[in-house]
Amino acid sequence: MPERFHIITQGCQMNVRDSEAMAGLLARMGYASADDPADADVIILNTCTVREGAEDRAYGRLGQLRSFKQRRPGLLLGVAGCLVQQERERVLQRAPWLDFVFGVHNIHRLPELLREARDGCMPVYEVWDRSDRDRPLPVLPAYRAASGGGGVRGFVNIIHGCNKFCTFCIVPYVRGRERSVPPEDVVAEVRALAGQGVREVTLLGQNVDSYGHDLSPRRDLAGLLELVHEVDGIERIRFTTSHPRDMTRRLIETVARLPKACEHIHLPAQAGDDEILRRMHRAYTAAQYRETADAVRAEMPHASLTTDIIVGFPGETEEAFDRTLRFVEDVRFDAVNTAMYSPREGTPAAGYTDQVADDVKRRRLAALNRMQERIAAEINAALVGSRQDVLVEETGRKGGVLGRTRTNKVVTFEGGGDLIGRTMPVEIVEAGSWVLRGRELSA
Ligand code: SF4
């Protein structure tokens with residue numbers, strides 16, 4: 001019986017994709033996947049460090065994993081991801097029982113590290129070095145058992161790192177500067193995913209809108225969408241995350257024109273007050289953001305537009321918060337990922353002296369969530385009676401099936417597992433803020 005691995009993924013879709021690459025490498029080494037960590041010979045925790053809470057969760061999980069090691073001394077326990085990239089020494093101090101650690105730029109070295117750990121050189125570690133910044137990015141195999149969407153959806157990294165340096169964000173320090181994946185490698189990976197049954201592909205990066213500026217010849221995301229659009233078997237293409245400053249009219253027009261490109265744009269605004277945006281180093285004003293949002297809706301009137309908003313950023317006055325509320329009300333987003341600002345050690349904003357009190361942040365978050373829930377319910381209610389094409393991803397926990405519209409809204413309806421991977425015509429019969437309920441129509 002082959003040895004087995006179990007990967008625990010924390011954080012964003014980039015981490016999900018990194019975990020797929022780790023799983024791909026392990027599968028290539030002959031390991032099989034274990035659903036339960038108790039059955040695994042190798043466990044890897046792929047960590048996140050975007051917020052303090054994420055870090056606490058990672059350390060908490062490491063503590064839990066120690067008990068597996070105590071029960072099975074032969075077990076190899078590794079930790080990867082942004083937390084390691086950020087603070088390798090502290091990770092090793094707090095979890096000296098680890099066998100191997102590696103950062104986000106050295107996933108390709110996992111087989112080697114594992115062999116060294118097996119040979120008893122412990123702990124083995126390898127993290128990204130600044131001199132690695134210009135190294136060509138290795139293309140890694142993907143093993144999709146780790147991905148969501150029941151194997152229907154696949155994720156492909158198209159650009160690593162970020163050059164933006166928003167004052168609240170640790171990502172550029174952890175993931176380094178932007179490095180685009182050559183288009184031929186992206187297309188090859190999408191083809192491989194299509195061959196494995198993936199129907200919807202999401203092109204990933206911290207700032208996908210700046211894709212290709214570092215390649216020679218220079219490329220852009222619109223051109224990449226055209227290439228991915230040619231891949232047989234792929235029905236839907238999405239991309240995330242975009243940056244309002246870098247989203248071009250050419251990109252918006254391309255999404256509107258290409259039948260497989262889904263009319264859902266996730267465009268993080270972070271705030272609707274110009275002074276807060278300036279202090280965040282977001283490099284656009286609320287009015288400029290509105291222009292881009294208007295351009296999206298002019299090209300694609302039925303597109304969904306979603307965003308991220310941080311409340312309680314240092315220096316956010318009641319007036320500034322009100323401007324953000326009015327901005328959210330005006331733009332009428334389909335969904336908003338809301339978060340209270342939490343200082344991230346190592347970022348400029350953590351050192352700002354005008355931090356907002358926690359109770360004020362909580363009150364503002366609740367006010368924003370209340371308002372957005374109402375707006376989302378109103379937008380979704382207007383869909384009742386409409387026909388939507390739903391790509392079925394999985395069976396629902398309470399029966400029936402679950403899938404998404406082209407605009408990325410979750411729909412549940414009656415049906416069996418045989419529908420997974422199929423795009424079904426569905427009439428929306430009921431709508432809440434988050435989920436729509438539908439009824440299958442005959443095609
Ligand atoms: S653009 Fe996104 S990833 Fe880059 S620094 Fe800003 S918040 Fe972080």
Side-chain angles (χ1 to χ4, degrees), residues 10-18 47-55 81-83 85-86 103-105 128 130 133 137 155 157-181 202-214 220-221 238-248 251 265-286 288-289 292-293 305-316 324 333 336-352:
Q10 300 180 322
C12 66
Q13 282 181 333
M14 298 286 286
N15 263 18
V16 172
R17 177 59 190 85
D18 285 350
T47 59
C48 169
T49 185
V50 160
R51 298 201 180 90
E52 304 280 358
E55 229 175 85
C82 293
L83 181 64
Q85 197 68 47
Q86 176 72 358
V104 295
H105 299 274
W128 173 65
R130 279 187 185 278
R133 185 173 291 165
L137 292 159
F155 302 95
N157 278 338
I158 64 166
I159 183 166
H160 300 259
C162 182
N163 291 355
K164 284 285 186 283
F165 288 91
C166 301
T167 54
F168 55 83
C169 182
I170 197 76
V171 164
Y173 306 97
V174 174
R175 296 230 170 212
R177 300 294 195 280
E178 289 169 356
R179 288 179 297 166
S180 301
V181 180
T202 302
L203 308 180
L204 289 178
Q206 260 82 32
N207 179 10
V208 288
D209 294 351
S210 72
Y211 174 80
H213 70 89
D214 54 329
D220 68 0
L221 180 57
R238 303 183 190 275
F239 53 88
T240 196
T241 300
S242 288
H243 192 288
R245 189 187 157 94
D246 294 339
M247 178 161 281
T248 62
L251 175 61
I265 301 289
H266 182 69
L267 195 60
Q270 306 300 4
D273 176 78
D274 288 344
E275 175 58 12
I276 296 298
L277 287 170
R278 188 190 65 75
R279 287 170 60 107
M280 288 176 163
H281 279 188
R282 291 293 290 176
Y284 52 84
T285 62
Q288 286 166 334
Y289 183 100
T292 304
L305 185 63
T306 57
T307 198
D308 301 336
I309 296 283
I310 297 171
V311 301
F313 188 77
E316 186 187 64
T324 291
F333 293 101
V336 180
N337 300 326
T338 58
M340 285 195 303
Y341 171 74
S342 67
R344 197 64 204 78
E345 199 185 319
T347 60
Y352 292 175

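When a ligand or atom number is given, it counts from 1 through the structure's own listing order. Computed from a predicted model, the values in this text were never measured in an experiment.
Near Lys164, meaning under 4.0 Å from one of its heavy atoms, ligand 1 places the atoms 1 (S), 4 (Fe). When each atom of ligand 1 is checked for a heavy atom of Val171 under 4.0 Å away, the hits are 3 (S). Counting atoms of ligand 1 from 1 in the listed order, those under 4.0 Å from a heavy atom of His243 are 1 (S). Numbered from 1 in the order shown, with element, the atoms of ligand 1 that lie under 4.0 Å from a heavy atom of Pro172 read 5 (S). Remark: ligand 1 atoms within the under-4.0 Å shell around heavy atoms of Cys169 are 3 (S), 5 (S), 7 (S), 8 (Fe). Per-residue contacts place Phe168 under 4.0 angstrom from the following atoms of ligand 1 (heavy atoms of the residue considered): 7 (S).
Looking at Ser242 and Asp209, their side chains do bring a donor and an acceptor atom within 3.5 Å of each other. Counting only N and O atoms by type, the side chains of Glu178 and His160 include no donor and acceptor under 3.5 Å apart. Checked by atom type, the side-chain pair His266/Thr306 shows a donor-acceptor distance below 3.5 Å.
Put simply, the side chain of Arg179 reaches to within 4.5 Å of the side chain of Asp214, judged on heavy atoms. The closest side-chain heavy-atom distance from Leu251 to Asp220 is not below 4.5 Å.
The protein heavy-atom contact nearest to atom 5 (S) of ligand 1 is Cys166 N, 3.3 Å. The closest protein non-hydrogen atom to atom 3 (S) of ligand 1 is Gln206 CG, 3.5 Å. Here the protein heavy atom with the shortest distance to atom 4 (Fe) of ligand 1 is Cys162 SG, 2.2 Å.
Taking the six-membered ring where tryptophan is involved, the planes of Tyr173 and Phe165 are perpendicular, since the angle between them exceeds 60° and thus also 30°.
Salt-bridge annotation for Asp273 and Arg278: absent, with no side-chain N of the basic residue lying under 4.0 Å from a carboxylate O of the acidic one.
Using a 4.0 angstrom heavy-atom cutoff, Arg282 counts as in contact with ligand 1.
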